[in-house]
Amino acid sequence: MAVRDVKLLSDGYFNIDTGLLIYGKTKYYGKVYKAALKPLLIVADDEYILVDTGFGEPPEKVRKFYALEKTPDLATSLRENDFSVDDISMVISTHLHLDHTGNNALFKSARFIAQEEEIAYAANPDRFQKLAYLEDTFKAITYEPVSGKSEIVKDVWVIPTPGHTPGHQSVVVNGIQKYVYCGDVCPLRENYEQRNIVGVLHNSVQALESIDKLRGIGGYPIYSHDNEQMSLKQNH
Ligand SMILES: [Zn+2]
């Protein structure tokens, strides 16, 4: 068994308009959602892998828009699970948005992995996505590109799930139980269960195809920002 354990961590919360999490429903416009930041720790035989690193400590000019609450922050969350930042040997980024790469600089011993297309896009995003990428979080990091569906270590797969961004990927873990870390394909349970696409989009058609791809895989879906799913024991 290559994957020994899977733990849902926390980097706290931030405020976001619910309309940016669920597309096209006017009932959500102007409604603030307390979005959870939920990196995943995968304990494998030879690797301690983090999927995404949360929001970290962005500069004030960014921070003031999001009402960040670091309770706990990611380093504390790791400690509470008897791990330290130096234990992490690999970080897999679903995509390079600022709320998924904010703590990257903490992980000095880690290799970083993202889809080739996402690495290229982050360096030169469309103007409507520019604010979602913060160069400080990824420019100094040497990302190793992967292209398409790949097994990163035994039983840990990345699969392309574009739509939210062009190079978004989700992570499938085949341990004792199958987990699917959706990333921002499905920030909330509603995205997955109702097939409602996320509100921040690069390509809405691909966004729906990606939801359906994840639903087709089955397993236990992990939603990137859902504040009601805060551990892997609840909501089976
Ligand atoms: Zn995102």
Side-chain angles (χ1 to χ4, degrees), residues 8-24 28 32-40 50-58 62-63 65-68 74 91-104 112-139 141 143 158-171 180-192 196-211 213-214 221-227 229:
L8 197 54
L9 304 181
S10 172
D11 192 41
Y13 297 87
F14 70 108
N15 282 351
I16 187 169
D17 194 293
T18 316
L20 295 175
L21 301 175
I22 308 279
Y23 175 78
Y28 289 136
V32 172
Y33 186 81
K34 186 176 176 182
L37 294 154
K38 302 158 63 175
L40 186 74
L50 261 189
V51 181
D52 289 347
T53 67
F55 223 133
E57 296 291 348
V62 172
R63 191 180 178 117
F65 294 113
Y66 294 103
L68 276 178
L74 180 55
V91 172
I92 300 173
S93 297
T94 57
H95 62 305
L96 303 190
H97 278 172
L98 75 174
D99 54 322
H100 296 257
T101 52
N103 281 301
N104 279 3
F112 286 76
I113 290 170
Q115 286 286 323
E116 190 172 18
E117 201 170 347
E118 182 67 14
I119 297 165
Y121 188 70
N124 190 23
D126 291 297
R127 69 189 302 275
F128 56 85
Q129 287 244 354
K130 270 206 164 72
L131 289 176
Y133 290 93
L134 189 63
E135 279 191 349
D136 298 353
T137 70
F138 60 84
K139 207 172 182 186
I141 304 280
Y143 263 96
V158 295
I159 51 164
T161 45
H164 176 63
T165 68
H168 191 286
Q169 62 184 357
S170 301
V171 181
V180 177
Y181 193 89
C182 301
D184 280 353
V185 176
C186 299
L188 305 180
R189 174 180 296 274
E190 178 178 330
N191 301 104
Y192 187 92
N196 289 336
I197 59 175
V198 66
V200 174
L201 287 163
H202 181 263
N203 182 316
S204 52
V205 174
Q206 287 182 331
L208 183 55
E209 288 169 353
S210 290
I211 290 175
K213 188 189 276 189
L214 295 183
I222 301 169
Y223 314 116
S224 59
H225 297 307
D226 196 305
N227 63 21
Q229 180 201 50

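Since the structure is predicted, the reported quantities are computational estimates derived from the model, not experimental observations. Numbering of ligands and ligand atoms starts at 1, following listing order.
Taking backbone and side chain together, His164 holds an N, O or S atom under 2.8 Å from the Zn ion (ligand 1).
Of all the N, O or S atoms in Asp184, the one closest to the Zn ion (ligand 1) is OD2.
For CD of Glu117, the number of neighbouring non-hydrogen atoms (other residues, nucleotides, ligands) closer than 6.0 Å is 12 at most.
Looking only at side-chain heavy atoms (C-beta outward), Val158 and Ile92 come within less than 4.5 Å of each other.
Our summary of the site lists the angle at the Zn ion (ligand 1) between ND1 of His97 and NE2 of His95 as 90°, to the nearest 10 degrees.
Using the six-membered ring where Trp is involved, His100 and His95 have ring planes that are tilted, between 30° and 60° apart.
No side-chain donor-acceptor contact under 3.5 Å links His168 and His202.
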